[in-house]
**Student:** 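Quick one: this structure, given as structure tokens, is what I'll be asking you about.
Computed over heavy atoms, backbone and side chain alike; hydrogens, waters and symmetry mates excluded. Read the numbers this way: they start at 1 and go in the same order the structure lists the ligands and their atoms.
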Amino acid sequence: MWKGRPTWAEIDLDALAHNVGEIRKAVGQDTGVMAVVKANAYGHGAVPISRAVIAAGASRLGVACVDEGIELRQAGIKAPILVMGYVPIWEAGALVQYGLVPTITSRELGKALSELASRSKFILPVHVKVDTGLSRFGLSPADTIAMVAYLRNLPGVTIEGLWTHFASADEADKSFTLRQFAAFSALANLCPDIPCRHVGASAVALDLPAMGLNLVRAGISLYGLYPSSEVSHAIYLKPVLSLKSRIGRLTSLSIGDAVSYGRTWVATGPTRVALVPCGYADGLRRSLSNKGAVLIAGHRAPILGRVCMDQFVADVTGIPNVKVDDEVVLIGRQGAEEISVEEMASWSDTINYEIVCGISARVPRIYLRNGQIDEAVTLVKKTG
Ligand SMILES: *Cc1c(COP(=O)(O)O)cnc(C)c1O
């Protein structure tokens with residue numbers, strides 16, 4: 001039993017390994033899996049997740065920014081790490097120092113990296129990103145050709161990868177994805193010597209595995225969640241994260257008593273309520289105020305009144321045998337009931353991605369193997 005802060009996330013490393021295995025099977029042996037561990041591994045904890053996915057057969061890691069890469073290197077992780085997002089010129093030194101593979105979108109960055117890497121007698125692999133229709137990041141196809149020619153003549157860097165990202169691969173209608181793929185393929189054919197081509201995220205791994213090319217960049221699927229309701233659910237993924245808490249106080253309300261800031265919920269009859277020490281600073285969205293529910297003693301207990309920064313109140317009227325310190329499940333299973341990340345996302349009008357990414361550093365992450373605690377990461381290092 002977890003005896004730390006009574007609000008925590010359980011991370012099932014066996015489910016994670018299962019998901020990596022299913023994704024590898026789906027894309028086949030010739031396609032590697034880059035585990036996307038940006039945003040603290042979608043809230044699951046970047047360092048323990050990175051170690052576990054590499055052990056389960058992922059060959060690379062993907063992050064959004066340089067700091068995320070440094071965090072992994074400082075933890076001793078040696079796998080190739082691609083920084084998928086924009087890197088300003090002043091972070092070039094850190095890329096070389098920590099051996100992080102950048103996505104190059106300017107000559108200035110290429111030149112700075114070339115000079116730094118040459119000086120340290122090092123050859124830095126780099127990837128070039130082409131924008132084929134997302135209109136977010138990357139070079140136009142024409143500029144990509146020019147960039148590849150430019151980088152080829154620079155010492156200290158080698159073009160390892162060419163990639164793009166799809167705008168709507170998670171929708172049932174794949175016509176725009178096919179157009180983007182055709183544009184990418186035409187360009188890739190002009191640079192046949194670039195060894196690592198990649199276009200797909202989880203939606204491609206699930207729906208279009210033949211488009212995996214050399215690598216899929218799998219994020220949400222690693223964590224056992226599907227990129228949307230429209231992609232195939234034929235591959236069985238297991239949710240990795242549960243969010244739990246414990247009852248901190250039980251009290252009885254009478255008609256007319258109101259709950260929480262603004263008195264937005266008012267009892268219309270005798271009501272038994274439980275205090276739950278988890279709030280929007282932990283990632284439980286404030287838009288769940290007077291919406292949604294949590295699981296207590298295998299029953300759904302509605303959220304009453306406003307969700308506060310650190311706590312909220314749930315209605316346990318009629319649920320038998322409820323005691324202080326009983327487990328509260330915010331995401332996950334309890335008995336026969338389950339609240340999925342998707343259900344919680346629907347209550348706050350968002351997507352599963354945003355819910356898990358939003359679980360804050362204050363929430364301890366408890367890593368389970370075979371149902372036993374393997375590691376716990378908390379805000380504070382426990383002494384004694
Ligand atoms: C976040 C991200 C991914 C992972 O996407 P999922 O849908 O979570 O699999 C892949 N590629 C890029 C460029 C990303 O930013």
Side-chain angles (χ1 to χ4, degrees), residues 16 19-20 22-24 26-27 31-44 46 49-50 53 58-69 72 80-87 100-105 126-139 144 161-172 174 177 180-181 184 196-209 211-233 235 237 239-241 341-342 345 350-359:
L16 182 75
N19 298 334
V20 174
E22 291 301 296
I23 296 160
R24 289 179 73 199
V27 298
T31 302
V33 172
M34 172 189 291
V36 177
V37 295
K38 62 188 178 188
N40 199 27
Y42 293 44
H44 293 62
I49 293 291
S50 295
V53 292
S59 54
R60 292 168 179 260
L61 300 168
V63 297
C65 60
V66 173
D67 280 2
E68 290 179 330
L72 301 179
I81 299 173
L82 177 67
V83 180
M84 301 186 295
Y86 167 67
V87 177
L100 305 172
V101 180
T103 300
I104 305 276
T105 47
V126 302
H127 288 213
V128 177
K129 180 171 192 189
V130 52
D131 176 9
T132 54
L134 183 59
S135 307
R136 191 179 71 175
F137 188 45
L139 299 166
T144 301
L162 180 70
W163 66 283
T164 194
H165 194 50
F166 292 143
S168 49
D170 64 341
E171 294 174 12
K174 304 296 187 201
T177 303
Q180 284 191 267
F181 187 68
F184 180 82
C196 183
R197 296 123 189 277
H198 50 106
V199 298
S202 294
V204 164
L206 297 171
D207 271 2
L208 301 160
M211 272 189 203
L213 305 183
N214 303 110
L215 201 63
V216 287
R217 304 183 301 268
I220 198 84
S221 53
L222 295 175
Y223 309 107
L225 307 175
Y226 294 85
S228 75
S229 60
E230 291 183 30
V231 300
S232 166
H233 285 44
I235 293 172
L237 300 172
V240 170
L241 178 142
V341 178
E342 287 71 22
T350 184
I351 54 174
N352 50 9
Y353 293 74
E354 197 181 11
I355 295 293
V356 286
C357 285
I359 298 173

**Student:** Is there a polar contact between ligand 1 and Gly219, counting only N or O atoms under 3.5 Å apart?
**Tutor:**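 Right, the criterion is met.
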**Student:** Enter the distance from Glu22:CD to Ile235:CD1 here, rounded to the nearest 0.5 Å.
**Tutor:**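 Spacing of CD (Glu22) from CD1 (Ile235) equals 7.0 Å.
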**Student:** Give me the residue, atom name and distance of the protein heavy atom closest to atom 7 (O) of ligand 1.
**Tutor:**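 Here the nearest protein heavy atom works out to Tyr353 OH, 2.6 Å.
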**Student:** Going by side-chain contact (heavy atoms from CB on, under 4.5 Å), Tyr353 matches just one of Val356, Ile351, Ile355. Which one?
**Tutor:**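 Between Tyr353 and the candidates, side-chain contact (heavy atoms from CB on, under 4.5 Å) is satisfied uniquely by Ile351.
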**Student:** Let's go through Tyr223 and Asn19 carefully: what are the C-alpha distance in whole Å and the side-chain angles of both, what is the deciding distance for side-chain contact (heavy atoms from CB on, under 4.5 Å) to 0.1 Å, and is it a yes or a no?
**Tutor:** CA-CA 7 Å; Tyr223 309 107; Asn19 298 334; 5.9 Å; no
**Student:** Could you tell me whether the side chain of Phe166 reaches within less than 4.5 Å of the side chain of Met211, counting heavy atoms only?
**Tutor:**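 When only atoms from C-beta onward are counted, Phe166 and Met211 do touch, with a gap below 4.5 Å.
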**Student:** Who's closest to atom 15 (O) of ligand 1 heavy-atom-wise, of Arg217, Lys129, Lys38, Arg136?
**Tutor:**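 The residue whose heavy atom sits nearest atom 15 (O) of ligand 1 is Lys38.
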**Student:** When you measure from atom 12 (C) of ligand 1 to each heavy atom in His165, Met34, His198, which option holds the nearest one?
**Tutor:**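 Residue with the shortest heavy-atom distance to the ligand atom: His165.
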**Student:** Can you tell me the protein heavy atom closest to atom 5 (O) of ligand 1 and the distance?
**Tutor:**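 Ranked first by proximity to atom 5 (O) of ligand 1 is Ala201 CB, 3.4 Å.
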**Student:** Regarding ligand 1, does Pro227 bring an N or O atom to under 3.5 Å of one of the ligand's N or O atoms?
**Tutor:**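 It does not: no N or O of Pro227 is found under 3.5 Å from an N or O of ligand 1.
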**Student:** Under 4.0 Å between a Lys/Arg side-chain N and an Asp/Glu carboxylate O for Asp131 and Arg136?
**Tutor:**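 Answer for the salt bridge query: no.
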**Student:** Determine whether the side chain, the backbone, both or neither of Trp163 has a heavy atom under 4.0 Å from any heavy atom of ligand 1.
**Tutor:**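 Under 4.0 Å from ligand 1, Trp163 contributes side-chain atoms alone.
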**Student:** Specify side chain, backbone, both or neither for Ser202, according to which of its non-hydrogen atoms lie closer than 4.0 Å to ligand 1.
**Tutor:**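 Looking at Ser202 and ligand 1, atoms from backbone and side chain both fall under 4.0 Å.
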**Student:** Short list, please: which atoms of ligand 1 are under 4.0 Å from a heavy atom of Tyr42?
**Tutor:**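 What qualifies from ligand 1 is 1 (C), 4 (C), 5 (O), 6 (P), 8 (O).
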**Student:** So His127 and Ile104, do their side chains get closer than 4.5 Å, heavy atoms only?
**Tutor:**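 Heavy-atom side-chain distance check fails, nothing below 4.5 Å.
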**Student:** Examine distances only and state if a side-chain atom of His233 and a backbone atom of Val231 form a donor-acceptor pair shorter than 3.5 Å.
**Tutor:**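 Side chain of His233 to backbone of Val231, a donor-acceptor pair under 3.5 Å: yes, one is there.
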